Protein chains: 2
Amino acid sequence: MKDPLLEFPGYALRRAANAAGAILSERLGELGLRQADASALILLDANPGLTSSRLGAALGIQRANMVPFLNRLETEGFVERVPIDGRTQGIHLTDQGRARLTDARRVIETFEAELIAMVPREHRTHLLPALLALWK
Amino acid sequence: MKDPLLEFPGYALRRAANAAGAILSERLGELGLRQADASALILLDANPGLTSSRLGAALGIQRANMVPFLNRLETEGFVERVPIDGRTQGIHLTDQGRARLTDARRVIETFEAELIAMVPREHRTHLLPALLALWK
DNA sequence: TATTGTTATACTCTATAACTATA
DNA sequence: TATAGTTATAGAGTATAACAATA
């Protein structure tokens, strides 16, 4: 069967992201985490006290969608909100959040290593810079 | 602000795919098409008479989700179902479907050219083979 | 007046289980 | 018995508009 779609980098990008995302989601799911959860934990660990808006901007999640997102992370005990002034709150990891992050890192680092190993050696070092150029 | 996520190809893959997908979706939307619609039209043009199951397998869409998908394409007059035997139908483009495909191709080819142009020259030829290795 | 956080809502995409009619 | 198509449903992700409280 002919597949003219294979010539399109944009199409391959979408399919590759979906395939990789499905694998990572399944593995993080065993930790009770979604991809965005793990990304948030990593970002908050490196930047304690980020506001919801700034965290959302970094993750590509809109303010309005950050509310139920952070509510869930707070309910599960991974983050806490600490008031900065009357309208702004800094988000901080809890001890439980840091513990779960340790597990998540193991999963992610294994996943990323497997992912890059799937790429033929001659293309391997080009993948990350090429992808970053597409959105950064 | 530190962003440790930028070291992860898997994360960059997801963000790049989302960014690129948002642009393409908006442009195809002006033609009344979604990304999967355009992919289906291209695939059906190259392979007339594909069954729903085989088309879905090629597009990475599950059988159950093909039903409302093809119903919509049929309602909009882009495809028709031609019975093969009592339980199987071949999907074919209509004249209207082929006409819309012509417009979609223009949009997609422009988009793909812009996308690849965003990648620094030294990485450019590596992107497609690297992405195909991740899901093909 | 602009910004932060919020509420409500809706649409798309994807996933699963179960049913039917037919091969 | 296996397969093609279908139905129903639920979960995730994402988008917009509008509001209150505060800077």
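In what follows, chains are A, B, ... by sequence order, proteins preceding strands, each numbered from 1. This structure is a prediction, so every number in the text was calculated from the model and none was measured.
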Within the side chain of [X], is there an N or O that forms a donor-acceptor pair under 3.5 Å with the backbone of [Y]?
X: T51(B); Y: Q89(B); value: no
X: E80(B); Y: I91(B); value: no
X: R63(B); Y: S53(B); value: no
X: T75(A); Y: N71(A); value: yes
X: N65(A); Y: I61(A); value: no

Distance, rounded to the nearest Å, where [X] contributes [atom1] and [N] contributes [atom2]:
X: E74(B); N: dG5(D); atom1: CD; atom2: C1'; answer: 13 Å
X: R87(A); N: dC19(D); atom1: CZ; atom2: C1'; answer: 15 Å
X: I61(A); N: dG13(D); atom1: CD1; atom2: P; answer: 8 Å
X: Q35(A); N: dA12(D); atom1: CD; atom2: P; answer: 13 Å
X: I91(B); N: dG5(D); atom1: CD1; atom2: C1'; answer: 10 Å
X: L50(B); N: dG5(D); atom1: CG; atom2: P; answer: 11 Å
X: Q62(B); N: dT9(D); atom1: CD; atom2: C1'; answer: 14 Å
X: N71(B); N: dG5(D); atom1: CG; atom2: C1'; answer: 11 Å

What is the nucleic acid contact for [X], judged by heavy atoms within less than 4.0 Å: base, sugar-phosphate only, or nothing?
X: R81(A); value: sugar-phosphate
X: A36(A); value: nothing
X: T51(B); value: sugar-phosphate

List, one per line, each side-chain donor-acceptor pair under 3.5 Å for residues 29-36 of chain A, sequence neighbours excluded.
unit_1 : atom_1 : unit_2 : atom_2 : d
Q35(A) : OE1    : R14(B) : NE     : 2.9
Q35(A) : NE2    : G21(A) : O      : 3.2
Q35(A) : NE2    : S25(A) : OG     : 3.0

R34(A), nearest nucleotide to its side chain (from dA23(D), dG13(D), dA2(D))
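Looking only at side-chain atoms, R34(A) lies closest to dG13(D).
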Result for 5'-nearest mapping on DNA chain D, choosing between T88(A) and A64(A), is A64(A)
N/O (side chain, N65(A)) to phosphate O (OP1/OP2, dG13(D)) under 4.0 Å:
no
Going 5' to 3' along DNA chain C, between which two nucleotides do contacts with chain A fall, using a heavy-atom cut-off of 4.0 Å?
dA2(C) to dT14(C)
Salt bridge or not between R100(B) and D95(B)? Use side-chain N to carboxylate O under 4.0 Å.
no
Taking the nucleotide of DNA chain C with the closest heavy atom to each, which residue, R63(B) or R72(B), is nearer the 5' end?
R72(B)
